[in-house]
Amino acid sequence: MLDVTYIRNHAEHVKEGMRNKGEENSGIVDQLIEVDEEWRSLVKKTDDLRSESNTKAQKIGELMGQGKKDEAQKIIEYTSKLKQEIKEKEEKLNVLKKDRGKLLLQIPNVPHESVPVGSSEEDNEVFKTWGTPAENDWRIPHWELVEEQGWIDFERGAKVTGAGFPFYVGPIAKLQRALINYFLNKAGEQGYTELQVPYFINEDSARGTGQIPDKEDMMYEIPRDEFFAIPTAEVPVTNFHRDEILQKENLPLKYVAYTPCWRREAGSYGKDVRGLNRLHQFDKVELVKMVHPDTAFDELENLREYAESLLEELNIPYRTLLMCTGDMGFTQTKKYDLEVWSPAQQRWLEVSSCSNFGSFQARRMMLRFRNDEGDTEILHTLNGSGLALPRVLAAILEIYQQEDSSIEVPEVLQPFMGTETIGAE
RNA sequence: GGAGAGGUGGCUGAGUGGUCGAAAGCGCUCCCCUGCUAAGGGAGUAUACCCCCCAACGGGGUAUCGAGGGUUCGAAUCCCUCUCUCUCCGCCA
């Protein structure tokens, strides 16, 4: 969420940001300011009354101690009335506070000035293209290949759990493990601390990173224990330091975690979600940074370059998009997407998303650091996939496909695989 | 799942209804003295929010002793609910 004081002082800017993100109802900014004002004035009144009541209660204590019961009794009568008044004010205060909080959670992060204004994916800017996207020649789509070779079993996955929960079999299971190891090792070399994290999170954590109240439909719920299955490692990792005050010397904090991710993907169907294009459970290596506010945008470029380097080492053609205001999401202030080329589908597939959230997530989480003045200050958070597995796998299955339906193992993965090809007879 | 014990500031640890946001010690910061090592003295040292000008400095106030609610003029202290930790039993990779 944004800082209320900031919203108060930059109302027009916040509203413009909302409109640019495609949020029509920017009137909630005015609503918020109104409710906030009312709340603040009532806080003042209530605190004053409490102050008076506290002073009087102390006085009563003194009088009681001196045995002046009659005098004390008089004050007690007065403070009893005060108490009633305070209670009324407190009830009103609670309502206002709740309203204020609700409104605050509905206001999205403001896009950075460097972000192109636009309403849909068509307005995203191609920031960079690397490699040459291959023609659709003799290659067959990855889903046909894996079925032919028995490498991924979608049907048995559907039997055991449901659509979008595939089994990976034999060499492809191993290839995924190789990718995970490769990604984790690379991140480790870059100074990211590896974490193994809980796969279920509670409601506070979901709110901290912004899955609630905006996107709860994306998550699987475990109602009996009031958990959500993580839609991305971003949630547990970013919440790792929730409600903490970090030392400035320790910034930036950089974490990497491999986890499965679960997403309901309600409403998705059709040819675009065939094969590995979209799954309910998939593997991902996620990078999270907690940084000093001054360095956040540099850290974003750095994060993007790192994710790009992974694809370059895998020798997979990709392009980087700078997401426009309308396509970037509620919590981000700036976001890049990395997309790999699927030759058989002749389309781009998103494999990474690198975002700067500014203080938006950190404020919800009360994630702070102590600055040079010794004051607490909200720090900034970023995250990026490094990388999401299934679509990278899909790209490998198509790009590294040989005419005999075998797969050449990308060079950087060979040490993990112990072989140069998969499926060759 | 059952039984019991317990959650106090950066840490240790006092405090069982009144001047307690909280003793003391440790740690940390600054100052003074001393001046090899060591030691001594003083001051400061939680977080959030509100107000004083939506700035800085400074000042004032409120809330917070695991969380929420209740009793009371007054709660760290009493009552209820929840939560977490520890011990024992049960179950189990």
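Letters A, B, ... are given to chains in the order of the sequence lines, protein chains preceding strands, and every chain is numbered from 1.
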Applying a 4.0 Å non-hydrogen cut-off, can you work out what A:Lys56 is touching in the nucleic acid: base, sugar-phosphate, or nothing? nothing

B:U72 pairs with which nucleotide, Watson-Crick or G-U wobble, both distances below 3.5 Å? none

G-U wobble or Watson-Crick pairing nucleotide for B:C49 (cut-off 3.5 Å, both distances): B:G61

Could you tell me the separation between the NZ atom of A:Lys87 and the C1' atom of B:G70, rounded to a whole number of Å? 9 Å

Quick check: on RNA chain B, is the nucleotide nearest A:Glu52 upstream (toward 5') of the one nearest A:Ile60, or the reverse? Name the residue that is more 5'. A:Glu52

Pairing partner (Watson-Crick or G-U wobble, both distances under 3.5 angstrom) of B:U77: none

Expressed in angstrom and rounded to an integer, what is the separation of A:Asp243 atom CG from B:G66 atom P? 16 Å

Donor-acceptor pair, side chain of A:Thr376 and main chain of A:Phe369, under 3.5 angstrom: no

Whole angstrom is fine here: how far is it from CD in A:Gln247 over to P in B:C28? 14 Å

Over 60° means perpendicular and under 30° means parallel, so tell me whether A:Tyr192 and A:Tyr306 are parallel, tilted or perpendicular. tilted

Using the P atom as the point on both nucleotides, what is the distance between B:U81 and B:G21, in whole Å? 29 Å

So what does A:Thr376 hit on the nucleic acid, given a heavy-atom distance under 4.0 Å: a base, only sugar-phosphate, or nothing? sugar-phosphate

So, OP1 or OP2 of B:C50: does either fall under 4.0 Å of a side-chain N or O from A:Arg50? no

Tell me which nucleotide among B:G74, B:U19, B:C50 gets nearest to the side chain of A:Trp39. B:C50

By the Watson-Crick or G-U definition, both distances under 3.5 Å, B:G9 is matched with none

Counting only Watson-Crick or G-U wobble pairs whose two distances fall under 3.5 Å, which nucleotide matches B:A38? none

Could you give the CZ-to-C1' distance, from A:Arg242 to B:A67, as a whole number of Å? 13 Å

With respect to the phosphate group of B:G74, does any side-chain polar atom (N or O) of A:Lys83 fall under 4.0 Å of OP1 or OP2? yes

In whole Å, measure the gap between the C1' atoms of B:G69 and B:G61 for me. 25 Å

In whole Å, what is the span from the CZ atom of A:Phe227 to the P atom of B:U83? 11 Å

Proximal nucleotide (of B:C49, B:A46, B:U19) relative to the A:Gln58 side chain: B:U19

When you check the side-chain N and O atoms of A:Glu52 and A:Tyr78, is any donor under 3.5 Å from an acceptor? yes

What's the CZ-C1' distance between A:Arg8 and B:C51, to the nearest Å? 12 Å

B:A63 phosphate, OP1 or OP2, under 4.0 Å from A:Asn54 side-chain N/O: yes

Check the angle between the aromatic planes of A:Phe416 and A:Tyr182 and answer parallel, tilted or perpendicular using the 30° and 60° thresholds. perpendicular

Indicate yes or no: does A:Lys74 engage A:Glu71 in a salt bridge with an N to O separation below 4.0 Å. no

Taking the six-membered ring of A:Tyr336 as reference, does the cationic atom of A:Arg304 (NZ for Lys, CZ for Arg) lie under 6.0 Å from its centre and within 45° of its axis? yes

Below 4.0 angstrom from OP1 or OP2 of B:C51, is there any side-chain N or O of A:Arg40? yes

If pairing requires Watson-Crick or G-U wobble contacts with both distances under 3.5 Å, which nucleotide is the partner of B:A23? none

Would you kindly give the CG-to-P distance between A:Asn94 and B:G69, to the nearest whole Å? 7 Å

Report the base-pairing partner of B:A43 (Watson-Crick or G-U wobble, both distances below 3.5 angstrom), or none. B:U29

Looking for any heavy atom pair under 4.0 Å, which part of the strands does A:Leu82 touch: base, sugar-phosphate only, or nothing? nothing

With both distances under 3.5 angstrom, what nucleotide forms a Watson-Crick or G-U wobble pair with B:U87? B:A3

In whole Å, I'd like the distance from the CZ atom of A:Phe369 to the C1' atom of B:G10. 19 Å

Parallel, tilted or perpendicular: which one describes the rings of A:His13 and A:His10, with boundaries at 30° and 60°? perpendicular

Quick check: on RNA chain B, is the nucleotide nearest A:Met366 upstream (toward 5') of the one nearest A:Thr79, or the reverse? Name the residue that is more 5'. A:Met366

Would you say a side-chain N or O of A:Thr46 is under 4.0 Å from OP1 or OP2 of B:U62? no

